[in-house]
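Right, one structure below, let's go through it.
Bear in mind the structure is a predicted one, so any value in this text is a computation, not a measurement. Each ligand, and each atom within it, is numbered from 1 in the order the structure gives.
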Amino acid sequence: MTLSPVLDRIDADLSAATDRLIDLLRIKSISTDPAYKDACQDAADWLVADLATLEIEAKTYPTPGHPMVMGKVEGPENAPHILFYGHYDVQPVDPLELWDNDPFDAKVEDTPKGKVIRGRGTSDDKGQLMTFIEACRAWKSVHGTLPCSITFFFEGEEESGSPSLVPFMEEHKDALKADLAFICDTGLFDSRVPAIMTMLRGLCGEELTITGPDKDLHSGMYGGAAINPARVLTKILGNLFDDFGKIQIPDFYEGAPVLSNEVKAQWENLNFDHTTFLGDVGLTTPAGESDRTALEMIWSRPTAEINGMWSGYTGAGFKTVLPSEASAKVSFRLVGDQDPHAIRKNFRAWVEAQLPADCTVTYKEHGASQASQMSTDHPAFEATRKALGEEWDVDAAYTGCGGSIPIAGHFKDIIGMDVLLTGWGKDDDQIHSPNEKYDMESFHKGIRSWARILDALSSLNA
Ligand code: BES
Ligand code: ZN
């Protein structure tokens with residue numbers, strides 16, 4: 001089967017492909033918020049219906065959370081069988097007032113850097129997921145068939161810690177087994193250089209609420225005598241780091257590996273420029289461990305971040321309240337063999353050891369996943385790198401990734417399947433943030449990249 005008419009087909013169909021993506025983007029599939037449960041089902045149904053237009057039989061599978069979508073199509077007998085994974089859920093849109101347009105009514109916009117599609121999920125991850133489906137559509141319409149056997153697997157809980165994933169994967173091990181899994185949920189190295197990411201950080205999410213007085217109090221009447229839980233919370237969280245950016249929770253760094261000289265050298269060759277990276281978001285100075293480079297900070301070192309904090313009165317005007325409670329959401333990015341459960345346990349013990357008289361603390365867990373390290377031995381890695389080089393006119397880089405995609409580790413642990421991570425997002429896509437966008441170039445070249453990758457894979461023997 002030849003590639004070039006497939007690429008031509010992709011170019012000719014770009015506008016219709018964009019319309020299909022915009023249709024999917026209209027569905028408000030915010031997985032973390034129960035108010036959007038039906039929308040998550042709608043997005044899953046939409047994908048099943050879209051695959052049906054390619055004569056691919058897929059189904060939604062209910063879970064205690066949002067449904068999974070799975071379907072398989074057979075390709076030529078001697079070609080490899082791959083699994084493709086993407087997620088159809090998106091992050092909440094707040095603060096809504098910072099969006100220039102309705103986040104769920106995506107539009108193509110001209111910008112000084114070229115055309116972009118703007119809306120929630122354009123880059124993370126509906127736009128990326130659709131690059132693969134569109135490449136399959138073009139193959140199918142040109143050749144009547146696909147060049148490899150493909151299992152499609154879409155999740156609707158990735159953005160909320162994938163709580164239903166492990167039991168689902170255990171139950172459907174056989175159906176999910178393929179020669180290799182491809183995940184399209186990451187970005188380019190810089191806006192021109194494609195990347196295959198070989199490391200992902202893990203994540204441990206924790207919410208804590210410190211309670212002092214049994215009700216809100218007048219701060220004139222009680223202030224001074226009554227303990228203020230906001231003061232306790234900020235003191236504890238303020239102790240998370242020392243002056244050199246080292247996290248102070250006991251045994252926190254256990255399992256964080258020393259970076260090999262080989263990887264260090266590979267990363268040095270990337271000539272990562274932290275001044276531009278931080279400059280693009282209005283910053284100047286790397287703020288992590290003082291003895292690490294910025295690239296190490298985001299790819300190979302663990303972190304602690306306060307993701308949200310609330311207490312007392314935050315509405316318009318002013319209220320002299322002494323709050324009864326103070327809460328925070330805290331997350332830890334993990335590397336190497338750091339154990340998210342041990343981190344949670346040690347964090348809680350460390351918080352409790354700092355609680356003053358009359359204060360209590362309660363917790364809520366928000367997901368735990370280990371870091372993963374990909375093996376690049378499978379011949380598909382080199383085949384993919386070559387295919388990417390042809391599309392982007394520059395060799396693809398093997399890089400790390402600061403984000404977390406819980407399923408990546410589970411493909412290996414549960415199914416015994418290696419994972420190849422590649423994608424077309426850019427650093428300025430504003431994922432998880434207002435005005436998220438996906439460059440039309442990412443969408444178009446992403447579809448073409450998948451067509452080339454499928455072509456390259458089809459000549460590897462299964
Ligand atoms: N697509 C991202 C992962 C990512 C982030 C890749 C940055 C490349 C660069 C993914 O959808 C995501 O945001 N994952 C969450 C997972 C979490 C909620 C368990 C993350 O990393 O915060
Ligand atoms: Zn994502």
Measuring from [atom], which candidate in [options] has the nearest non-hydrogen atom?
atom	options	value
atom 3 (C) of ligand 1	Ser160, Gly402, Ser404, Ala195	Ser404
atom 20 (C) of ligand 1	Arg333, Glu157, His87, Glu159	Arg333
atom 6 (C) of ligand 1	Asp185, Asn307, Thr32	Asp185

Between [X] and [Y], a side-chain donor and acceptor under 3.5 Å:
X	Y	answer
Ser191	Lys113	no
Ser164	His66	no
Thr209	Ser327	yes
Trp424	Thr131	yes
Asp439	His444	no
Thr399	Trp299	no

Item to complete: Starting from the Zn ion (ligand 2), look over the N/O/S atoms of Asp124 and name the nearest one.
Response: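 The Asp124 atom nearest to the Zn ion (ligand 2), restricting to N, O or S, is OD1.
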Fill in: For the Zn ion (ligand 2): the N/O/S atom of Asp185 at shortest distance
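Sorting the N, O and S atoms of Asp185 by distance to the Zn ion (ligand 2) puts OD1 first.
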Item to complete: Just jot down the ligand 1 atoms closer than 4.0 angstrom to any heavy atom of Cys401, in number order.
Response: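 Counting atoms of ligand 1 from 1, those under 4.0 Å from Cys401 are 6 (C), 8 (C).
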Which residue and atom name correspond to the protein heavy atom nearest [atom], and how close is it?
atom	value
atom 17 (C) of ligand 1	Leu203 CD2, 3.5 Å
atom 11 (O) of ligand 1	Glu158 OE1, 2.7 Å
atom 7 (C) of ligand 1	Ile431 CD1, 4.0 Å

Worksheet item: So, do Ile447 and Arg137 sit near enough that their side-chain heavy atoms are less than 4.5 Å apart?
Response: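 Not in contact.
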Discussion item. Using a strict threshold of under 4.0 Å (side-chain N to carboxylate O), is an ion pair present between Asp291 and Arg301?
Written reply: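 Salt bridge flag = no for Asp291 with Arg301.
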Worksheet item: Between Glu390 and Arg448, does at least one N-O distance fall below 4.0 Å, as a salt bridge requires?
Response: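 Between Arg448 and Glu390 there is no salt bridge, as every charged N stays at least 4.0 Å from the carboxylate O atoms.
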Practice prompt. Record the part of Ser162 in heavy-atom contact with ligand 1 below 4.0 Å; permitted values are side chain, backbone, both and neither.
Written response: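 Contact part for Ser162 vs ligand 1: neither.
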Discussion item. Does only the side chain of His432 get under 4.0 Å from ligand 1, or the backbone, or both, or neither? Count heavy atoms.
Written reply: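 His432 to ligand 1: side-chain contact only, backbone stays beyond 4.0 Å.
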Discussion item. Just checking: Glu159, one of its N/O/S atoms, less than 2.8 Å away from the Zn ion (ligand 2), yes or no?
Written reply: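 Of the N, O and S atoms in Glu159, none lies under 2.8 Å from the Zn ion (ligand 2), which means no.
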Worksheet item: Contact between Asp124 and ligand 1, counting heavy atoms under 4.0 Å?
Response: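 For ligand 1, residue contact (heavy atoms, under 4.0 Å) with Asp124 is present.
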